[in-house]
2 protein chains.
Amino acid sequence: MKINLEEIARRSGVSRSTVSRVVNDDPNVNAGTRERVKTVIRQLNFQPNAAARSLASGRTRVLGLVIPQGVGALFADPYFAILIQGIASACNAHDHSVMLWLAEPEYERRMIRQLLHSGMIDGVIVSSMLLDDSLVPALIDNQKPFVLVGRHPSKPEVNYVDSDNENGAWAAVAHLLRLGRQRVATITGPSNMVAGADRRAGFVRALRERGLALDPDLLAEGDFTEAGGYLAMQRLLPHKPDALFAASDMMAQGALRALREAGRRVPEDVAVVGFDDIPTAARLEPPLTTVRQPIQRLGTTAVELLIELIDQPGSAPRRVLLATEFVIRKSCGAN
Amino acid sequence: MKINLEEIARRSGVSRSTVSRVVNDDPNVNAGTRERVKTVIRQLNFQPNAAARSLASGRTRVLGLVIPQGVGALFADPYFAILIQGIASACNAHDHSVMLWLAEPEYERRMIRQLLHSGMIDGVIVSSMLLDDSLVPALIDNQKPFVLVGRHPSKPEVNYVDSDNENGAWAAVAHLLRLGRQRVATITGPSNMVAGADRRAGFVRALRERGLALDPDLLAEGDFTEAGGYLAMQRLLPHKPDALFAASDMMAQGALRALREAGRRVPEDVAVVGFDDIPTAARLEPPLTTVRQPIQRLGTTAVELLIELIDQPGSAPRRVLLATEFVIRKSCGAN
DNA sequence: AAATTTCTTGGGAGCGCTCCCAATAGCCGA
DNA sequence: TCGGCTATTGGGAGCGCTCCCAAGAAATTT
């Protein structure tokens with residue numbers, strides 16, 4: 001049996017319009033009528049048709065989530081899983097749904113067209129990893145509301161949520177220096193990702209504040225993966241660092257493996273600090289000192305920002321930096 | 001400027017109907033006309049309105065993906081990330097989209113209503129972990145096409161895709177026995193998940209085939225997490241196992257940690273085999289022998305099955321078991 | 001040459017909802 | 001008692017598309 005507004009209306013002796021008002025919590029309905037209609041709705045388990053609704057209203061209550069596919073390797077990092085969880089959870093709480101788009105190069109053109117012109121979604125959350133993403137300009141040109149998870153360096157007018165990567169990194173490195181470490185090395189993220197650049201900036205600033213110069217031999221570029229961290233650490237080893245700041249826990253894990261193989265003790269010979277505080281960080285050997293970033297809150301905040309943006313188009317751009325937390329465990333040699 | 005079928009029709013000198021035919025690749029269009037229309041469509045970057053389309057046709061070309069929220073801990077396992085990737089990728093290839101639903105208990109009622117009655121999606125993929133899921137009966141009652149990722153034990157009529165967990169586990173344990181191990185222990189998954197039960201069944205069968213009885217002291221229940229594996233191993237240690245089959249790599253990782261702390265050498269004192277072949281398995285200490293399951297293909301297969309099911313409702317239920325692959329590394333003591 | 005079939009096209013009738021305006025009923029104060 | 005208010009309700013007009021039927025043109029048959 002086909003059940004729609006009209007059917008509910010018939011069964012509760014009112015008009016389609018009144019049922020619509022009840023469904024949408026319009027206050028202009030008599031309290032008794034409202035109850036009567038609601039009862040019928042519950043009885044029939046009625047749910048208004050989403051397509052008809054968005055066709056008539058122009059809103060879908062669906063948010064798009066775009067995640068760069070990259071190599072599948074990136075997915076080994078729990079970061080995305082937790083982010084997705086935060087986003088989905090906030091969407092639930094705000095009665096929205098999430099549509100997921102993995103940005104695979106071969107589908108990108110179609111993806112952008114769908115995102116922008118099909119009317120499927122009201123706004124987009126972009127987990128922005130790459131600096132040269134063609135998606136952001138397209139979104140701006142087409143006035144599609146969107147929020148970046150991760151700061152965007154060049155366009156000042158975009159809305160974003162990010163962890164305070166620079167200060168987080170700064171705190172970690174400052175701590176290592178305060179402990180008396182002399183040769184602090186770093187494994188950075190890829191240079192084309194903002195998060196990597198920001199953490200590196202924090203590293204540099206901490207050195208500067210102590211009057212130390214940046215020794216290029218003590219800086220190795222990684223790719224946020226375990227394997228990348230392992231290789232980077234092998235490049236650093238000949239230069240005898242006595243401390244390491246790795247720009248992600250996955251890379252720190254790889255570095256620990258390289259150190260172990262080389263017979264260096266952690267933290268005695270080399271103190272190690274990571275970034276992220278992924279679930280396994282506390283269970284590494286030794287437990288990893290790290291900078292915790294609130295990944296889940298990154299997601300919920302992005303959703304809230306985006307929904308505001310959809311409700312009030314043209315409001316001033318908003319940028320949110322969430323504080324990180326320095327978590328001391330064994331690997332830095334001070335607890 | 002508002003651009004729709006009618007507008008494209010006007011600009012290319014044909015009717016709305018003809019444009020619709022072109023958009024939908026209907027063969028009944030003159031080749032010349034088709035080209036003309038396509039040119040205009042490309043020029044204006046036209047994308048048909050999704051809401052109108054599904055309102056008129058009753059199809060949305062959107063698949064729902066339901067993942068049990070559980071404790072966030074589950075998300076630390078790369079399994080879901082890879083599965084999502086497989087599903088999203090296959091959806092792209094078939095010109096569908098994915099809508100993501102994390103099954104949080106407090107939203108479950110609304111979720112089920114939306115899933116079933118809002119017409120938002122054409123079908124559902126359920127990453128079925130729990131035996132007693134109330135979603136499955138609801139889907140059956142409402143004739144919503146759906147596919148389970150993970151075998152369903154009780155309802156024979158449901159469609160599912162799964163890894164061949166039992167044979168995979170059997171192969172691993174048979175290998176350990178063939179190497180001459182006498183006291184093979186296992187850390188199982190939670191008893192309310194089918195994958196856990198199936199892997200345990202494979203373990204038992206391998207023992208039986210060698211005429212060995214199941215020693216309850218050598219069986220500990222875990223929860224597919226690293227921490228769970230660690231605790232389970234501690235319970236097993238007093239019973240002096242000389243080999244371990246862990247029902248997931250994450251649990252194997254925890255077990256390795258417990259063994260290391262207890263001063264047991266792997267593989268000399270205890271040979272260890274995991275299950276999954278997650279990206280980090282090869283980088284554990286020692287590299288983990290494991291049963292690789294094709295997680296990504298689980299996802300793509302589920303999508304293909306579901307789309308078939310949507311196109312041909314009422315076809316015979318289909319069940320697919322994908323073969324696993326035994327991957328030998330250091331931790332089992334034979335390579 | 002007429003009749004039939006095939007190819008191609010156009011237009012009407014919805015799909016189920018929201019939005020707007022008009023209509024009715026009930027209420028107030030003068 | 002009457003005009004003007006407000007509270008509540010009903011119904012028409014789309015939103016942009018698909019589906020179906022019919023019509024004309026072109027091609028084929030007899």
Side-chain angles (χ1 to χ4, degrees), chain A residues 1-38 40-41 44-62 95 113-114 116-122 311, chain B residues 1-38 40-41 44-62 95 113-114 116-122 311:
Chain A
M1 170 209 28
K2 170 197 318 173
I3 127 176
N4 52 22
L5 278 196
E6 208 84 49
E7 177 68 17
I8 303 285
R10 206 179 57 68
R11 299 211 186 199
S12 41
V14 296
S15 76
R16 172 173 45 90
S17 297
T18 299
V19 178
S20 172
R21 289 191 191 94
V22 171
V23 167
N24 294 294
D25 283 323
D26 186 318
N28 294 328
V29 180
N30 177 281
T33 313
R34 161 170 284 122
E35 271 323 302
R36 204 146 31 91
V37 174
K38 279 201 166 174
V40 176
I41 288 179
L44 298 192
N45 231 326
F46 169 71
Q47 175 81 16
N49 180 285
R53 227 176 182 179
S54 41
L55 180 57
S57 71
R59 280 199 53 168
T60 61
R61 300 190 78 79
V62 175
D95 196 18
R113 267 214 342 222
Q114 285 196 356
L116 296 176
H117 307 298
S118 77
M120 261 182 166
I121 54 181
D122 293 337
D311 288 337
Chain B
M1 170 210 31
K2 169 197 319 172
I3 126 175
N4 52 22
L5 277 195
E6 209 82 50
E7 177 67 17
I8 303 286
R10 207 178 55 69
R11 299 211 186 199
S12 40
V14 295
S15 76
R16 174 173 43 92
S17 298
T18 300
V19 179
S20 173
R21 290 191 190 96
V22 171
V23 167
N24 294 294
D25 284 321
D26 185 318
N28 294 328
V29 181
N30 176 281
T33 312
R34 159 170 286 123
E35 270 324 301
R36 207 147 28 92
V37 173
K38 280 201 165 172
V40 177
I41 289 179
L44 298 192
N45 230 325
F46 169 71
Q47 175 81 16
N49 180 286
R53 225 176 184 179
S54 41
L55 180 56
S57 71
R59 278 198 56 168
T60 61
R61 301 191 77 79
V62 174
D95 196 18
R113 265 215 343 222
Q114 285 196 357
L116 296 176
H117 306 298
S118 78
M120 262 182 164
I121 55 181
D122 293 338
D311 288 338

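Treat the numbers as computed from the prediction; the structure is a model and nothing was measured. Chain letters run A, B, ... following the sequence lines, proteins first, then strands; residues in each count from 1.
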TODO: Identify, between A:Ala56 and A:Ala31, the residue whose nearest nucleotide on DNA chain D lies closer to the 5' end.
DONE: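 On the 5' side of the pair lies A:Ala31.
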Task: Which residue lies more 5' along DNA chain D, comparing A:Arg16 with A:Val29 via nearest heavy atoms - done: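 Mapping each residue to its closest nucleotide by heavy atoms, the 5'-most match is A:Val29.
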- [ ] Return the set of residues passing side chain to side chain contact (heavy atoms under 4.5 Å, CB included) with A:Arg11 (not counting sequence neighbours), or none when no residue passes.
- [x]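 For A:Arg11, the residues satisfying side chain to side chain contact (heavy atoms under 4.5 Å, CB included) (neighbours in sequence not counted) are A:Met1, A:Glu7, A:Val40, A:Leu44.
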TODO: For B:Thr33, check side chain to side chain contact (heavy atoms under 4.5 Å, CB included) against everything at least two apart and list the hits.
DONE: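 B:Thr33 satisfies side chain to side chain contact (heavy atoms under 4.5 Å, CB included) with B:Val14, B:Thr18, B:Val29, B:Asn30, B:Arg36, B:Val37 once adjacent residues are dropped.
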Hey, does the side chain of [X] come within less than 4.0 Å of [N]'s phosphate (OP1/OP2), counting only N and O?
{"X": "A:Thr18", "N": "D:dT8", "answer": "no"}
{"X": "B:Asn24", "N": "D:dT18", "answer": "yes"}
{"X": "A:Ser57", "N": "C:dC17", "answer": "no"}

Just compare [options] and give me whichever is closest to any side-chain atom of [X].
{"X": "B:Arg53", "options": "D:dT18, C:dT9, D:dG10", "answer": "D:dT18"}
{"X": "A:Leu55", "options": "D:dG16, C:dC17, C:dT9", "answer": "D:dG16"}
{"X": "B:Arg21", "options": "C:dC17, C:dT9, D:dC15", "answer": "C:dT9"}

- [ ] Would you mind checking if A:Arg59 and A:Asp311 are paired as a salt bridge, meaning a charged N to carboxylate O distance below 4.0 Å?
- [x]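 Answer for the salt bridge query: yes.
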Task: Residue closer to the 5' end of DNA chain C, B:Val14 versus A:Ile3 (nearest nucleotide) - done: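 Closer to the 5' end of DNA chain C: B:Val14.
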Touch class at under 4.0 angstrom, heavy-atom based, for [X] against every strand present:
{"X": "B:Thr33", "result": "sugar-phosphate"}
{"X": "B:Asn28", "result": "base"}
{"X": "B:Val23", "result": "nothing"}

- [ ] To the nearest 10°, let me know how far the axis at one end of the helix from C:dA1-D:dT30 to C:dA30-D:dT1 is tilted from the axis at the other, five pairs an end.
- [x]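 It comes to 40° between the two terminal axes.
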Open item on the list: Counting distance alone, no hydrogens or angles: does the base of C:dG11 have a donor or acceptor under 3.5 Å from a partner atom on the side chain of B:Ser17?
Closed with: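 It does, because a donor-acceptor pair links the side chain of B:Ser17 to the base of C:dG11 below 3.5 Å.
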Task: Within-4.5 Å side-chain heavy-atom neighbours: A:Met120 and A:Val62 - done: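 They are not in side-chain contact.
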